[in-house]
Amino acid sequence: MQLLDGKKISEEILSEISDEVKHIAARGGKIPHLAAIIVGNDGASETYVNNKIKSCERVGFRSTHIKLDANISEEELVQEIESINNNPDIDGLIVQLPLPQHISTEKITQLIRPEKDVDGFHPVNVGRLALGLPAYISATPNGIIEMLRRYKIPTEGKHCVVLGRSNIVGSPISILMAKNSYPGNCTVTLCHSKTQNLSEFTQQADILIVAIGKAEFIGADMVKKGAVVIDVGIHRIPDDSRKNGYRLVGDVKFEEVASKASYITPVPGGVGLMTIASLLTNTLKASKKEVYFKPGFFS
Ligand code: GUN
């Protein structure tokens, strides 16, 4: 069994981005600039956004961190986004989710200009991804694809079974794994909460991508020997033996599945760490106007 090491790969990507930014700066080019909006003070969201801003600093990007009160009106948020949409100095914009109840996530997601939508949540980007056109791909599916690519995992003709059909992981990764280029060309089965006899499908998977949101749901009996296992889940489990009182686990029972898998992502230290690398990659592309102005992004 070999670990798919998200820490190592994401560090590699950050260091490549940082080198490219140095070259851009040396020739007097435009330094990539990400704006991140957070509404309210949800602790987990604050941590995520702080980490995104810190990573921008690490690779030499410029960043604008906009913190808005939880009681801000939808109209005020709309104006903030429109002002960033129209600001040529800002290349990428993310609005951290979830938003407070009184603000429509759908409306806000659709307001961000597709060419600045480095989260890849806008319907234009999702639709372009489905059509195989240049698009911003959201952080987790992009991170999984990059991990498979960097570990040179063979995918052509393999049976890829995806668990979970969310808009931001299960659906896009199932489209990407089926597309006609590497990593892709898989036969894809998309399983979800209404799938019957789930084990029959998971046991057939050469590549098993688990984004089901249930702690340690997948055991060794559900996995084929030699499978590549990608675990997207992350859960806090109470653990009195730890100083902080909890440990992190994924959707997969790591120890027992690792002994059967050929490759597996750990939790933590797997897919999660790839997401910021994906966001920064998208922001760099946005600043170079790569996605919307250069054909062949997918090839
Ligand atoms: N909330 C949880 N994950 C994400 C993400 O990738 N982007 C944004 N904008 N919000 C999130």
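Atoms within a ligand are numbered from 1 in the order they appear, just like the ligands themselves. The structure displayed is predicted, hence computed values, not measured ones.
Side-chain contact, H33 with S287: no donor N or O sits under 3.5 Å from an acceptor N or O.
Under the 3.5 Å distance criterion, the side-chain polar atoms of E216 are left unmatched by any main-chain donor or acceptor of D251. Looking only at distances, no side-chain donor or acceptor of S138 sits under 3.5 Å from a matching main-chain atom of G120.
Of all the heavy atoms in Y182 and L148, the pair that sits closest is OH-O, 3.1 Å.
Remark: of the listed residues V124, L131, V126, V124 is the sole one forming a side chain to side chain contact (heavy atoms under 4.5 Å, CB included) with R128. For the side-chain hydrogen bond (donor to acceptor under 3.5 Å, both in side chains) test with H159, the passing option among T187, D206, T189 is T189; the others fail.
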Please tabulate, line by line, the atom pairs linking an N/O of ligand 1 to a protein N/O at a distance below 3.5 Å, with the distance in Å to 0.1, or answer 'none'.
from	atom 1	to	atom 2	distance (Å)
ligand 1	1 (N)	Q96	NE2	3.2
ligand 1	1 (N)	L97	O	2.9
ligand 1	7 (N)	D119	OD1	3.2
ligand 1	7 (N)	D119	OD2	3.2
ligand 1	9 (N)	V95	O	2.8
ligand 1	9 (N)	D119	OD2	2.6
ligand 1	10 (N)	L97	N	3.0

